[in-house]
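Read the structure below first, then the notes.
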Amino acid sequence: MIILWKADYEGKDMRGDLKKLDKINSKVQKRIGGKIDGPYFPQDASVLYIFHVDEYEWLNKAGRIWFREAEKARLQFVPKSYEVAVTSMEFFGK
């Protein structure tokens with residue numbers, strides 16, 4: 001399954017904060033798995049990441065790590081939305 005995660009940016013140094021955000025996302029990936037693509041710059045948000053994961057619970061685990069680390073780093077990204085997309089096999093089963 002994939003998770004499309006979007007955030008808005010409210011700071012003044014997006015390049016610097018993107019580096020911090022990439023470090024946090026890498027930390028999440030190392031701790032609980034998954035593959036991360038991004039950042040992308042969509043039309044309706046400041047930033048978009050695509051997470052390739054095996055289970056929905058990944059989102060909850062990642063959020064607990066992400067919010068703690070983002071606060072420590074004084075990150076100026078504000079989560080906006082996320083969407084979960086699954087394959088027909090994941091949705092219907094075997």
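We're numbering straight along the sequence, starting at 1. As the structure is a prediction and not an experimental result, all values here were calculated from the model.
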Give every residue pair that meets the salt bridge (Lys or Arg N to Asp or Glu O under 4.0 Å) criterion with at least one member in residues 71-86, sequence neighbours excluded. E69-K72
Going hydrophobic residue to hydrophobic residue with side-chain gaps under 4.5 angstrom, can you get from Y56 over to W58? yes
For atom CZ of F91, decide whether the heavy atoms of other residues, nucleotides or ligands shown that lie under 6.0 angstrom number more than 12. no
Under 4.5 Å between any side-chain heavy atoms of S81 and W5, yes or no? no
Sequence-distant partners of E90, side-chain hydrogen bond (donor to acceptor under 3.5 Å, both in side chains), two or more places apart: T87
Excluding sequence neighbours, so at least two apart, what forms side chain to side chain contact (heavy atoms under 4.5 Å, CB included) with E57? E55, N60, K61, R64
Approximate separation, where rounding is to 0.5 Å, of D54 CG and M1 CE: 8.0 Å
My understanding is that only residues two or more places apart in sequence, or in another chain, count here; which of them pass side-chain hydrogen bond (donor to acceptor under 3.5 Å, both in side chains) with D44? K6
Determine whether D8 and F77 make a side-chain contact, defined as any pair of heavy atoms from C-beta on separated by less than 4.5 Å. no
Flag side-chain contact, heavy atom, 4.5 Å: L59 against Y82: yes
Nearest heavy-atom neighbours spanning V53 and G34: CG1-CA, 4.3 Å
Identify the two heavy atoms, one from P79 and one from A7, that lie closest to each other, and give their separation to 0.1 Å. CA-CB, 4.0 Å
Taken in chain and number order and not counting sequence neighbours, the residues that satisfy side chain to side chain contact (heavy atoms under 4.5 Å, CB included) with Y40 are D37, L48, I50
Contacts of type side-chain hydrogen bond (donor to acceptor under 3.5 Å, both in side chains), residue Q76, not counting sequence neighbours: none
Do F67 and I3 share a hydrophobic cluster (ILVMFWY, side-chain heavy atoms under 4.5 Å, transitive)? yes
If you take all heavy atoms of A62 and V28, which pair is closest and at what distance? CB-CG1, 3.6 Å
Tell me every residue that passes side-chain hydrogen bond (donor to acceptor under 3.5 Å, both in side chains) with K12, counting only those two or more places apart in sequence or in another chain. none
Establish whether V84 and I32 are linked, either directly or via other cluster members, by ILVMFWY side-chain heavy-atom contacts under 4.5 Å. yes
Using residues 14-25 as the side-chain source, report each donor-acceptor pair under 3.5 Å to any protein atom, sequence neighbours left out, with the distance given to one decimal.
from, atom 1, to, atom 2, distance (Å)
D17, OD2, Y9, OH, 2.6
D22, OD1, Y49, OH, 2.6

According to side chain to side chain contact (heavy atoms under 4.5 Å, CB included), who are the partners of S88, at least two apart in sequence or on a separate chain? F92
With sequence neighbours left out, write down each residue that passes side chain to side chain contact (heavy atoms under 4.5 Å, CB included) with K30, or none if nothing qualifies. none
